[in-house]
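Order of the sequence lines fixes the chain letters, A, B, ..., with proteins taken first and strands second; residue numbering starts at 1 for each chain.
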Amino acid sequence: MKKYNHKQVGVKWKKYWEVKKLYKTKESVDKPKYYVLDMFPYPSGAGLHVGHPKGYIATDVVARMKMMRGFNVLHPMGWDAFGLPTENYALKNKVHPAVATKKNIQVFKKQLGLLGFTYDWDREINTTDPNYYKWTQWIFLQMFKRGLAYESYEPINWCPSCKTGLANEDLEDGKCERCGSAIEQKPMRQWVLKITDYAERLLNDLNLLDKWPEPIKEMQRNWIGKSEGALVRFTVIARSEERATRQSSGGKIEVFTTRPDTLFGATYVVLAPEHLIIEKLKSKIKNFDEVNKYIRKAKNKTTLERTVEWEKVPTQSRDARFSRQIEDLEKIGKKTGVELKGVKAINPVNNKELPIFVADYVLGGYGTGAIMAVPAHDERDWEFAKKYNLPIKRVVQPNAVSISHIHPINHKFDLTQALSEKQKKLEMLEEIYTGVDGKLIDSKEFTGMRCSEAISKIGVKFGKLTTHYKLRDWVFSRQRYWGEPIPLVRCEKCGWVPVPEKYLPLELPKVKHYEPSGTGESPLANIKNWVNTKCPQCNGPAKRETNTMPQWAGSCWYYLAYVMQGISNFQFPISNYSEAFKYWNPVDLYVGGAEHATRHLIYARFWHKFLYDIGAVNNIEPFTKLQNVGLILAEDGRKMSKRWNNVINPDDVVKQYGADAMRLYEMFMGPFDQPCAWSTQGVVGMKRFLEKVWNLKERIIRNKKQDTNNTQYPIPNIQVILHQTTKKVTEDIEALRFNTAISQLMILVNEMFRSEVLSPKSYATLLQLLAPFAPHICEELWSQLGNKKSIFLSDWPKYDADKLQFDTMKLAVQVNGRVRATIEVPTDAGEEEIKSSALADENVKKWLENKEPKKVIYVRGRLVSIVK
RNA sequence: GCUCGAGUGGUGAAACUGGUAUACACGAAGGACUUAAAAUCCUUUGGCAGCAAUGCCGUGCGGGUUCGAUUCCCGCCUCGAGCACCA
């Protein structure tokens with residue numbers, strides 16, 4: 001008997017699959033489709049570590065099973081290759097980014113090739129291929145034509161180290177997500193996509209995604225950040241202490257509030273330090289110098305907060321620079337502000353004059369940058385009012401129910417007393433109520449009205465009901481080289497003119513120098529003969545847009561590109577692909593890291609909805625089911641990184657233990673979406689298991705030669721376990737519970753191992769069930785059984801629901817909730833029969849102490865519980 | 001601070017809808033084979049007591065509901081993730 005040689009088996013079958021084109025996806029066959037997609041990798045210079053393929057293995061297991069279950073499966077792979085890392089790498093190593101990209105892709109492809117995936121490489125895509133990005137450009141132009149891409153001069157996030165503008169999504173704690181530098185606000189010209197037009201749909205349609213992880217949906221909801229409220233205008237007057245008359249200042253402050261019902265409780269108004277009205281009121285503000293000084297300090301503080309890397313500074317070893325920064329921050333304090341003396345705001349509900357403050361706790365970038373403060377019903381306003389001794393006025397009386405929620409009630413608790421204590425505290429303004437379960441007090445004609453009703457009534461009467469989102473429009477231009485050129489031309493006569501479709505792709509010019517200029521201009525601006533062009537409309541002199549698209553552009557539609565690849569090589573028009581889109585969309589299963597929750601996954605949903613609106617696709621959500629991959633950590637429990645020198649290369653693992661052992665191990669490690677540390681010992685265990693499967697084959701041969709009578713172990717046992725395993729493996733793979741599927745396969749193999757003999761049929765079934773996880777070895781053993789066709793062309797095993805149980809079953813017998821005996825009864829025994837045999841058990845009798853049981857409960861197939 | 005998610009052997013982890021907690025694997029210990037080692041195979045492996053049968057304890061902590069709780073309820077602790085003055 002030949003020993004299992006993973007290397008030989010691996011090479012042999014990879015070649016066979018390639019030659020037979022086994023994984024070539026066919027169009028429009030008479031089968032249901034299944035589209036299973038991985039988040040395509042960014043081919044970096046470092047190559048893959050063992051963590052990367054985890055998701056790919058999972059989709060491969062699903063793809064193989066679906067194939068065997070009769071689906072027409074699309075399981076493609078490609079490269080998301082534009083972006084800063086490659087460009088920076090290229091600059092550092094003095095190679096062109098296109099060259100570096102090509103090389104990196106080769107390495108990645110070779111590494112992936114070792115693992116035996118079912119990718120249809122005929123559909124490979126690459127976002128940096130002009131043939132690909134002409135469509136990225138085309139989609140952008142469609143947005144431009146419909147007013148969804150616009151030019152803006154607003155200040156944006158600027159990373160001084162990467163020398164480019166960034167979208168909100170690209171920030172982490174106010175720092176550049178890529179390099180960690182503090183972000184500056186820099187006013188500059190940029191292209192922006194109106195994603196906010198889709199905010200409501202992006203939010204609502206999350207409800208359709210019942211196969212997405214709840215946390216991801218929650219993150220998107222937070223990111224979109226919808227809040228409903230009202231805009232209310234406060235007139236600003238000039239008021240001097242000497243003169244008792246109001247003087248119009250000409251200014252108005254508009255505030256956004258979600259609680260217009262508390263308008264009667266507003267006791268002051270607060271502006272963000274960035275608010276423009278402050279400058280306008282300059283002449284009316286008596287303490288303008290003080291205010292101005294404060295504003296500078298506040299802005300400084302924001303920068304400081306962004307610069308200090310709290311989490312990276314251990315308390316013991318803060319260096320002088322950090323200590324100083326932190327000290328400065330602490331000196332400035334938490335919520336601070338300054339009153340604008342000489343001006344007041346008029347509350348529209350009661351004509352009262354309210355003081356106006358500028359304070360750091362109001363953000364310039366949200367709402368209108370101004371708020372009305374209701375300290376009695378808002379935590380932050382309350383804090384501020386306490387600190388600066390400002391008046392607090394209650395206008396909401398909470399319901400008794402909501403009071404009792406504040407104080408947890410237990411049995412020894414006197415509710416009436418608690419209520420009155422709570423009431424006292426509220427009245428003394430020692431505590432506040434911020435909820436909406438209550439009625440208005442002291443609010444003129446609205447007194448007595450429920451908060452929820454008053455929100456709209458007061459909102460409509462004194463302001464305008466509106467909805468606000470945290471989501472900002474997507475800053476879509478980058479001042480860097482390695483990205484898709486934005487296909488627009490600036491003509492003095494015609495303005496911005498799109499590059500006509502027939503001239504797409506607008507190719508990225510090949511240049512020697514592509515360093516970022518840092519001036520806010522893209523490096524493309526220096527290439528005169530590229531920049532200077534003719535207007536497509538009037539043929540007059542014109543200049544090209546020199547900014548490029550952000551890294552996320554190409555991944556917004558790539559799942560459609562794989563489908564297009566099956567039809568023709570990216571030919572216009574889009575209608576060429578309608579049929580194919582109709583067949584393959586949406587993606588049935590999408591697997592990837594959770595870090596994409598608020599970027600790629602929002603952007604792609606946005607683009608897809610847009611493509612739906614222009615009739616390019618006919619469904620409104622691109623991904624039916626989303627599954628997150630849990631990170632694989634290094635053996636030491638840290639993230640795998642060059643820095644820690646703990647990276648494990650999949651090539652080495654494959655070489656030593658084989659692709660099948662590695663695949664099996666990564667699926668067995670633990671729940672798929674949980675992070676887990678790598679263990680080389682674990683891989684060894686999987687190799688042992690595969691050897692066991694290999695050696696089992698011997699028992700079939702022996703069966704042919706020898707008499708089957710002399711066996712202690714009845715074969716029917718294997719039959720039952722085989723049916724159980726078929727059921728469990730099928731269900732578990734569908735639900736992506738790979739670890740328990742594999743453990744069930746191990747149970748089956750252990751059982752087969754205990755048996756002297758094995759029928760070829762049982763063995764074949766085992767191989768089929770194991771094949772999605774360990775394709776090479778199963779294919780080999782399958783062919784050794786005499787099969788001429790690939791195991792993946794065979795039909796997935798079916799189980800018989802009647803054969804899932806043994807003839808007898810073991811039941812636990814509990815007396816007063818404790819297991820005191822185990823009885824064995826025929827599986828088809830009736831309830832009475834089982835109860836009496838439980839009561840007849842010696843041990844049960846002992847624990848019953850000859851008393852009559854009060855109650856006997858039988859739980860089907862589980863246990864008998866006797867109450868003494 | 002707020003919102004989720006999670007705490008089970010030496011380790012990764014199982015457990016259907018409230019029904020025998022620790023499946024499966026790793027590691028460890030002992031044994032067989034071997035000149036020896038590796039590999040392989042067999043046995044043991046939650047804790048305590050006991051020769052054993054068996055008993056008691058045990059799923060982060062404290063309570064509760066139940067014949068029965070890892071699972072449900074209340075309160076707390078720890079860890080992880082996300083958001084972080086969003087009016």
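- Residue-level contact check: A:Gln674 touches the backbone only, with heavy atoms under 4.0 Å from sugar-phosphate atoms and none from bases.
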**Message:** Apply ring pair (Phe, Tyr, Trp, His ring centres under 6.0 Å) to residues A:His377 and A:Tyr433 and explain how you reach the verdict.
**Reply:** CA-CA 5 Å; A:His377 305 294; A:Tyr433 177 70; 7.1 Å; no
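- Contact annotation: A:Asn750 reaches the phosphate of B:A25 (side-chain N/O to OP1 or OP2, under 4.0 Å).
- Counting any heavy atom pair closer than 4.0 Å across all strands shown, A:Asp381 reaches no nucleic acid atom.
- Among the heavy atoms of the strands lying under 4.0 Å from A:Leu863 is at least one base atom, whether or not backbone atoms are also near.
- Backbone-only contact: A:Gly685 has heavy atoms under 4.0 Å from sugar-phosphate atoms and none from a base.
- With respect to the salt-bridge test (charged N to carboxylate O, under 4.0 angstrom), the residues A:Arg820 and A:Glu842 do not qualify.
- The side chain of A:Arg688 lies closest to B:G27, out of B:C67, B:C85, B:G27.
- Taking 4.0 angstrom as the limit, A:Trp847 places a side-chain polar atom (N or O) nearer than this to OP1 or OP2 of B:G55.
- Side-chain nitrogen and oxygen atoms of A:Tyr366 include at least one within less than 4.0 Å of the OP1 or OP2 phosphate oxygen of B:A87.
- Checked by distance alone, A:Lys854 brings no side-chain donor or acceptor within 3.5 Å of a matching partner on the base of B:C67.
- Using a 4.0 Å heavy-atom cutoff across all strands shown, A:Val270 reaches no nucleic acid atom at all.
- If you check B:A87, B:G19, B:A14 against the side chain of A:Thr257, the one that comes closest is B:A87.
- The nucleotide whose nearest atom lies closest to any side-chain atom of A:Pro671 is, among B:A14, B:A25, B:G19, B:A14.
- Considering only side-chain N and O atoms, A:Gln681 lies under 4.0 angstrom from the phosphate OP1 or OP2 of B:G27.
- A:Asn222 comes within 4.0 angstrom of no nucleic acid atom, judged by non-hydrogen atoms across all strands.
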**Asked** For RNA chain B, what dot-bracket results from Watson-Crick or G-U pairs at under 3.5 Å, with [ ] for crossers and | for inter-strand partners?
**Response** (((((((..(((......[....)))((((((.......))))))((((....))))..(((((..]....))))))))))))....
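- Note on A:Lys854 versus A:Glu852: no salt bridge recorded, every NZ/NE/NH1/NH2 to OD/OE distance being 4.0 Å or above.
- The A:Arg818 side chain lies nearest to B:C56 when the options are B:A87, B:C56, B:C24.
- Ring centroid separation for the pair A:Phe384 and A:Tyr268 comes in under the 6.0 Å cut-off.
- Base orientation at B:G9 is syn, since its O4'-C1' glycosidic dihedral falls within 90° of 0.
- Side-chain proximity of A:Tyr361 to B:C85, B:U20, B:G27: nearest is B:C85.
- The side chain of A:Asn816 contributes no N or O atom lying less than 4.0 Å from OP1 or OP2 of B:G68.
- The phosphate of B:G55 has OP1 or OP2 within less than 4.0 Å of a side-chain N or O from A:Arg820.
- The side chain of A:Thr598 places no N or O atom within less than 4.0 Å of a non-bridging phosphate oxygen (OP1 or OP2) of B:G82.
- The side chain of A:Arg862 lies closest to B:G19 when the candidates are B:G19, B:A87, B:A13.
- Side-chain N/O atoms of A:Glu379 and base N/O atoms of B:G1 include no donor-acceptor pair closer than 3.5 Å.
- Listed pair A:Arg860 / B:U17 fails the phosphate criterion, with no side-chain N or O lying under 4.0 Å from OP1 or OP2.
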